[in-house]
Amino acid sequence: MTPNRKTYRIAVLPGDGIGVDVVAEGLRVLRAVEQRLTGVLFDTVEVAVGAGEYLLNGDPLPPSAVEACREADAILLGAMGLPGVRWPNGTEMTPQIDLREIFDLYDGVRPIKLYNAAHSPLKGYEAGGIDFVLLRENTEGMFASRKGTYAPEADAVCDTLRITRHASERLFRAAFRLAVGRKGLVTLVDKANVLPSMAYFRSIFDEVSAEFPRVRTERIYVDAAALYLVKSPQRFDVLVMENLFGDILSDLAAGLIGGMGVAPSGDIGDRHAIFQPSHGTAPDIAGKGIANPVATILSVALMLDWLPSDETRRGAALIQRAVERALADPRHATPDIGGSLTTSQLTDRILEVL
Ligand code: ATP
């Protein structure tokens with residue numbers, strides 16, 4: 001241990017499929033940044049979680065793994081799930097969602113930024129021309145029903161969309177605080193014209209907005225949000241929404257900037273936080289060495305930005321700038337964003353800039 005350097009413990013959960021490959025690249029970048037910083041060290045602890053762990057030991061999220069996460073200052077996660085590995089009732093194993101609930105990680109942060117015009121399916125957008133953050137409520141909404149079951153003979157099944165004052169207020173406050181440091185606009189995405197739960201959600205948004213008089217607000221229905229995200233994504237700054245809406249629109253938003261391989265995420269609570277690429281285990285490209293590492297590398301930057309020190313925030317800015325500069329050259333790309341580099345070659349380009 002080097003004296004006078006603050007050590008942060010990072011629980012590292014590579015998981016399954018391409019999660020393993022991209023986390024390895026994220027750690028290369030973390031180590032490179034550590035060299036550049038004088039005041040901090042990172043003590044990484046690898047934790048086995050996921051479908052592979054289930055096949056080995058019968059539990060995709062062993063209690064010891066949860067404890068290792070609890071003891072860590074931050075958690076870096078890859079992706080989880082393997083084709084055909086399911087619970088006996090046929091549902092997928094989702095330890096990443098379980099962890100959100102265990103640690104009450106209510107604030108699902110999905111930054112969406114275009115790094116090269118060539119990555120976007122939209123015409124006319126330069127690097128930086130699309131730049132917003134989508135905040136997704138992570139602990140309730142339609143996902144509140146996810147552990148329900150249904151009888152095979154049922155001919156009707158209902159899921160409940162749960163909205164609570166507590167979860168909504170803290171989510172909206174996070175959205176407003178984020179907007180203060182950005183362009184100062186929060187867009188609420190809801191379905192208040194149809195669903196009472198969403199009208200309630202909107203009324204709480206209105207109350208919380210009064211605490212932030214300098215932040216502008218707008219309210220749009222989720223169907224219109226899907227349209228505007230494609231037609232005029234440059235208008236947005238911070239968008240905030242219910243869990244399932246966020247699940248869907250964050251993938252749409254990732255599509256605007258090149259896909260899941262460039263979309264980082266943070267699931268943030270008051271004490272704990274998990275950072276991971278927005279993508280899954282991508283069985284179609286697992287083992288081929290061509291997964292895009294950028295989403296994970298940017299997730300490492302989000303993690304450093306969240307850790308409570310100026311030094312780690314400086315590290316986050318270094319990574320962010322290195323990714324921006326490296327991706328400015330369209331040849332610096334894996335196949336998903338139109339290039340021919342392998343996973344580690346793209347990381348090499350980013351490390352060269354760093
Ligand atoms: P999940 O249900 O866990 O979200 P999924 O199979 O629905 O998983 P992903 O694993 O995210 O979705 O894959 C969706 C598509 O995006 C696939 O075609 C996959 O190859 C591609 N993809 C995802 N991540 C990456 C990446 N890092 N690099 C390149 N392509 C990726």
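In what follows, residues are counted from 1 in the order of the sequence shown.
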Check: [X] side chain, [Y] main-chain N or O, donor-acceptor pair, under 3.5 Å:
{"X": "R5", "Y": "T38", "answer": "yes"}
{"X": "T160", "Y": "R162", "answer": "no"}
{"X": "D267", "Y": "G108", "answer": "no"}
{"X": "T187", "Y": "L239", "answer": "no"}
{"X": "N138", "Y": "L105", "answer": "yes"}
{"X": "E311", "Y": "V40", "answer": "no"}
{"X": "D43", "Y": "Y8", "answer": "no"}
{"X": "T281", "Y": "G81", "answer": "yes"}
{"X": "N243", "Y": "M142", "answer": "no"}
{"X": "R86", "Y": "T91", "answer": "no"}

Taking only Lys NZ, Arg NE, NH1 and NH2, and the carboxylate oxygens of Asp or Glu, determine whether [X] and [Y] approach each other closer than 4.0 Å.
{"X": "R349", "Y": "E352", "answer": "yes"}
{"X": "R271", "Y": "D104", "answer": "no"}
{"X": "R170", "Y": "D107", "answer": "no"}

Is there a donor-acceptor contact under 3.5 Å linking the side chains of [X] and [Y]?
{"X": "E25", "Y": "T343", "result": "no"}
{"X": "E137", "Y": "S168", "result": "no"}
{"X": "R31", "Y": "T44", "result": "yes"}

Margin query: Is there a salt bridge (Lys or Arg N to Asp or Glu O under 4.0 Å) between D98 and R146? Walk through the geometry before answering.
Written below: CA-CA 11 Å; D98 297 332; R146 77 184 183 98; 2.8 Å; yes
Please find the pair of heavy atoms, one from [X] and one from [Y], that lie closest to each other, and give the distance.
{"X": "Q234", "Y": "G129", "value": "CB-O, 3.5 Å"}
{"X": "S344", "Y": "R28", "value": "O-NH1, 3.6 Å"}
{"X": "Y125", "Y": "A117", "value": "O-CB, 3.1 Å"}
{"X": "Y115", "Y": "Q320", "value": "OH-NE2, 2.7 Å"}
{"X": "I319", "Y": "V33", "value": "CG1-CG2, 3.4 Å"}
{"X": "G78", "Y": "V23", "value": "CA-CG2, 3.4 Å"}

More than 12 foreign heavy atoms under 6.0 Å from [atom1] of [X]: is that the case here?
{"X": "N57", "atom1": "CG", "result": "yes"}
{"X": "R219", "atom1": "CZ", "result": "yes"}
{"X": "R314", "atom1": "CZ", "result": "yes"}

I want to check something: taking the side chain as every heavy atom from C-beta on, are [X] and [Y] in contact at a cut-off of under 4.5 Å?
{"X": "T334", "Y": "I290", "value": "no"}
{"X": "V240", "Y": "L178", "value": "no"}
{"X": "L13", "Y": "L99", "value": "yes"}
{"X": "E324", "Y": "K113", "value": "yes"}
{"X": "F176", "Y": "S209", "value": "yes"}
{"X": "V230", "Y": "L252", "value": "yes"}
{"X": "I130", "Y": "F236", "value": "no"}
{"X": "I248", "Y": "L244", "value": "yes"}

Same cluster for [X] and [Y] if Ile/Leu/Val/Met/Phe/Trp/Tyr side chains link at under 4.5 Å?
{"X": "L114", "Y": "I350", "result": "yes"}
{"X": "V47", "Y": "I75", "result": "yes"}
{"X": "V20", "Y": "I10", "result": "no"}
{"X": "V45", "Y": "V49", "result": "no"}
{"X": "Y106", "Y": "L161", "result": "no"}

Note to self: Between I18 and H279, does the side-chain contact (heavy atoms from CB on, under 4.5 Å) criterion hold? Intermediate values first, please.
What the structure shows: CA-CA 9 Å; I18 64 165; H279 58 76; 3.4 Å; yes
Margin query: Parallel, tilted or perpendicular, judged at 30° and 60°: which one describes the rings of F172 and F205?
Written below: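 The arrangement is perpendicular - the two ring planes meet at more than 60°.
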Next item on the list: Take E242 and D190, measure what side-chain contact (heavy atoms from CB on, under 4.5 Å) needs, and give me the verdict at the end.
Entry: CA-CA 7 Å; E242 176 275 330; D190 64 28; over 6 Å; no
Check: Is it true that F245 and Y221 have ring centroids separated by less than 6.0 Å?
Finding: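 Not close enough - the centres of the two rings lie 6.0 Å or further apart.
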What's the spacing between [X] [atom1] and [Y] [atom2] if we round to 0.5 Å?
{"X": "D73", "Y": "T312", "atom1": "CG", "atom2": "OG1", "value": "10.0 Å"}
{"X": "D131", "Y": "K183", "atom1": "CG", "atom2": "NZ", "value": "5.5 Å"}
{"X": "L346", "Y": "D336", "atom1": "CG", "atom2": "CG", "value": "9.0 Å"}
{"X": "S265", "Y": "L134", "atom1": "OG", "atom2": "CG", "value": "11.0 Å"}
{"X": "S299", "Y": "L304", "atom1": "OG", "atom2": "CG", "value": "11.0 Å"}
{"X": "R100", "Y": "I102", "atom1": "CZ", "atom2": "CD1", "value": "12.0 Å"}

Notebook entry, point to check: Does R235 count as lying over the ring of Y228, i.e. NZ or CZ under 6.0 Å from the six-ring centre, within 45 degrees of the axis?
Noted result: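 Positive - R235 is close enough to the ring of Y228 and near enough to its axis.
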Next item on the list: Examine R136 relative to F143 and say whether NZ or CZ is less than 6.0 Å from the centre of the six-membered ring and inside a 45° cone about the ring axis.
Entry: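 Judged by the rule (NZ or CZ under 6.0 Å from the ring centre, within 45° of its axis), R136 counts as positioned above F143.
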Note to self: Apply side-chain contact (heavy atoms from CB on, under 4.5 Å) to residues S278 and R110 and explain how you reach the verdict.
What the structure shows: CA-CA 8 Å; S278 296; R110 311 284 184 265; 4.0 Å; yes
Next item on the list: In sequence, state the C-alpha distance, the side-chain angles, and the governing distance for V300 and F42, and then conclude on side-chain contact (heavy atoms from CB on, under 4.5 Å).
Entry: CA-CA 12 Å; V300 170; F42 300 106; over 6 Å; no
